[in-house]
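The following block contains the structure, expressed as structure tokens.
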Amino acid sequence: MPELPDVETLARRLRRRLRGRRIRRVRVLTPSTIRHPDPATFSRALRGRRIVGVDRRGKYLLICLRGDLTLAVHLRMTGDFEITDSGAPVHRHTRVLFEMNGFHLRFIDLRRFGHMDLLTPRQLQRLPGLSTLGVEPLGPQFTRIRLREIVRGHRMGLKALLLRQDLIAGIGNLYADEILWQARLHPARATGTLREEQIAALHRIIRRVLDRAVRRLSRYGRAVGVFLDAREREGRCPRCHGPLRTGRIGGRTTFFCPRCQR
DNA sequence: CTTGTGCCCTGACCGC
DNA sequence: TGCGGTCAGGGCACAA
């Protein structure tokens, strides 16, 4: 399930391949994937258009096009882009085909939760979910002071806070668990009870976890997190070797170590 | 302000 | 073997 590091890695890969390229033709295989405009208008507007860049904002992938249009894509659970030969067999879950000169860009999404919008700058500024995104955790705005403001301004559980896209953009269920485990903080811990040095540590760890994940993903194609691995295996705590506990916190399946995380 | 629930969708997995 | 039920998971609407 793509979170900030996965989307960032994908954006970098696509940027290298797509920048300066022209879209020859678009085929929408699953109409419900296109939220705006209607699929026919969508395809027509993209035909012949040149890609000028690929960016990321939160978990959104932004494909920037000539003529000030942006294709805003959310991968949700299972969405992904593949670059294939034009003649390669079309995968069963392909939702949108972008025919380029000499290759295809294909949007594949098993569960069909992913979606895309083709937008003018003005529409982009108003797109719910995108325009309301909070601070970029790897950007210069995300300072310790900023995290303190966010934490002090709310009275919810820590994990619920980390998952709030309108506060901090891009953290999902897996990295939230990894971050809280590394910070030795209980996912249900009330944000208001954090001491100043715990906020500082949390700030450092958020950046470190995400930054490392981006680097490992682009290097090995797979993020290796100490806790993520244990989480996957439903194993023991890599630190104290006690049993992990699992439960639903902030509406999400949560793994944590009841002994280490307070 | 907060938490909780259902919805979207499909494949994996379970018990029978 | 195959059937039906359950579940995950991001984001959103909606209710409490």
Side-chain angles (χ1 to χ4, degrees), chain A residues 1-11 28-36 39 56-62 72-82 90-96 106-117 119 123-124 126-137 149-180 186-194 206 210 213 223 225 227-234 244-256:
Chain A
M1 51 266 37
E3 303 183 24
L4 184 152
D6 312 87
V7 183
E8 176 63 28
T9 305
L10 179 62
V28 177
L29 307 184
T30 302
S32 60
T33 297
I34 314 300
R35 291 200 310 190
H36 176 89
R56 177 195 61 76
R57 177 79 176 92
K59 298 177 196 169
Y60 277 85
L61 189 75
L62 304 172
V73 185
H74 201 299
L75 308 172
R76 290 292 184 94
M77 314 287 303
T78 53
D80 197 12
F81 278 100
E82 277 188 13
V90 176
H91 187 283
R92 184 151 73 102
H93 304 302
T94 304
R95 307 303 174 192
V96 187
R106 297 174 177 179
F107 182 65
I108 299 176
D109 184 22
L110 187 151
R111 287 188 189 165
R112 307 189 196 205
F113 284 4
H115 51 77
M116 48 186 82
D117 294 82
L119 305 164
Q123 291 169 328
L124 194 67
R126 296 165 183 222
L127 188 73
L130 179 63
S131 56
T132 51
L133 283 175
V135 64
E136 280 292 330
E149 285 169 9
I150 292 170
V151 161
R152 295 271 156 86
H154 295 274
R155 224 149 290 286
M156 60 180 89
L158 259 188
K159 176 154 179 179
L161 182 119
L162 290 182
L163 293 175
R164 281 272 300 265
Q165 302 301 303
D166 59 336
L167 300 176
I168 303 171
I171 299 174
N173 197 37
L174 268 59
Y175 286 106
D177 279 6
E178 175 80 25
I179 288 164
L180 291 173
H186 194 288
R189 171 81 174 264
T191 57
T193 66
L194 287 191
I206 289 172
L210 296 175
F227 186 70
L228 289 184
D229 291 345
R231 189 188 190 284
E232 206 170 327
R233 289 184 279 103
E234 294 185 37
L244 295 182
R245 186 176 296 171
T246 163
R248 290 187 78 78
I249 296 179
R252 299 266 165 253
T253 302
T254 300
F255 288 81
F256 65 101

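By convention in this document, chain letters (A, B, ...) are assigned in the order of the sequence lines, proteins followed by strands, and residues within each chain are numbered from 1.
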Nucleotide of C/dA8, B/dT10, B/dT2 approaching A/R248 most closely (side-chain heavy atoms):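 Shortest atom-to-atom distance from the side chain points to C/dA8.
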Whole angstrom is fine here: how far is it from CD1 in A/I150 over to P in B/dC1? 15 Å
Tell me every residue that passes side chain to side chain donor-acceptor pair (under 3.5 Å) with A/E136, counting only those two or more places apart in sequence or in another chain.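 Result, side chain to side chain donor-acceptor pair (under 3.5 Å) vs A/E136: A/R56, A/R57.
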List the residues meeting salt bridge (Lys or Arg N to Asp or Glu O under 4.0 Å) with A/R152, not counting sequence neighbours, and say none if there are none.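 In terms of salt bridge (Lys or Arg N to Asp or Glu O under 4.0 Å), with neighbours along the sequence ignored, A/R152 is linked to A/E196.
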Whole angstrom value for the distance that separates C1' of C/dG11 from OH of A/Y60: 8 Å
Can you tell me how far C1' of C/dC12 sits from CZ of A/R35, to the nearest Å?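 That distance rounds to 10 Å.
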Nearest heavy atom decides the nucleotide; on that basis, is A/M77 or A/T132 closer to the 5' end of DNA chain C? A/M77
Under 4.0 Å between a side-chain N or O of A/Q165 and OP1 or OP2 of C/dG11? yes
Return the NZ to OG1 distance between A/K159 and A/T254, rounded to the nearest 0.5 Å.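 If we round to the nearest 0.5 Å, A/K159:NZ and A/T254:OG1 are 3.0 Å apart.
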Check the distance between C/dA8's P and A/F255's CZ and give it to me in whole angstrom.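 Distance check: A/F255 CZ to C/dA8 P gives 10 Å.
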A/T253, nearest nucleotide to its side chain (from B/dT2, B/dG11, C/dA8):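 Of the candidates, C/dA8 comes closest.
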Rounded to whole Å, how long is the line connecting atom CG of A/D117 with atom P of C/dG11?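 A/D117 atom CG is separated from C/dG11 atom P by 14 Å.
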Taking donor-acceptor contacts at under 3.5 Å, does the side chain of A/R252 reach the base of C/dG10? yes
Length of the line joining A/L167:CG and B/dT2:P, which is rounded to integer Å: 8 Å
To the nearest angstrom, how far is A/R112 atom CZ from B/dC9 atom P?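 In whole Å, B/dC9 P lies 7 Å from A/R112 CZ.
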Would you indicate, yes or no, if B/dG11 has its OP1 or OP2 atom less than 4.0 angstrom from a side-chain nitrogen or oxygen of A/H93?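 Affirmative; the distance criterion is met.
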Of the options B/dG11, B/dT2, C/dG10, whose atoms approach the side-chain atoms of A/L110 most closely?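 Taking heavy atoms from C-beta onward, the closest nucleotide is B/dG11.
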Name the residue from A/H74, A/H36, A/R35 that meets the side-chain hydrogen bond (donor to acceptor under 3.5 Å, both in side chains) definition with A/D117. A/R35
First encountered from the 5' end of DNA chain B, between A/F113 and A/H154: A/H154
Need one value for A/P2: base, sugar-phosphate or nothing, where a base atom within 4.0 Å counts as base even if backbone is also close, heavy atoms only. nothing
Closest to the side chain of A/H74, out of C/dA8, B/dT3, C/dG11, is C/dG11
SB check A/K59 A/D6 (cutoff 4.0 Å): no
Whole angstrom value for the distance that separates P of C/dC12 from NE2 of A/H115: 7 Å
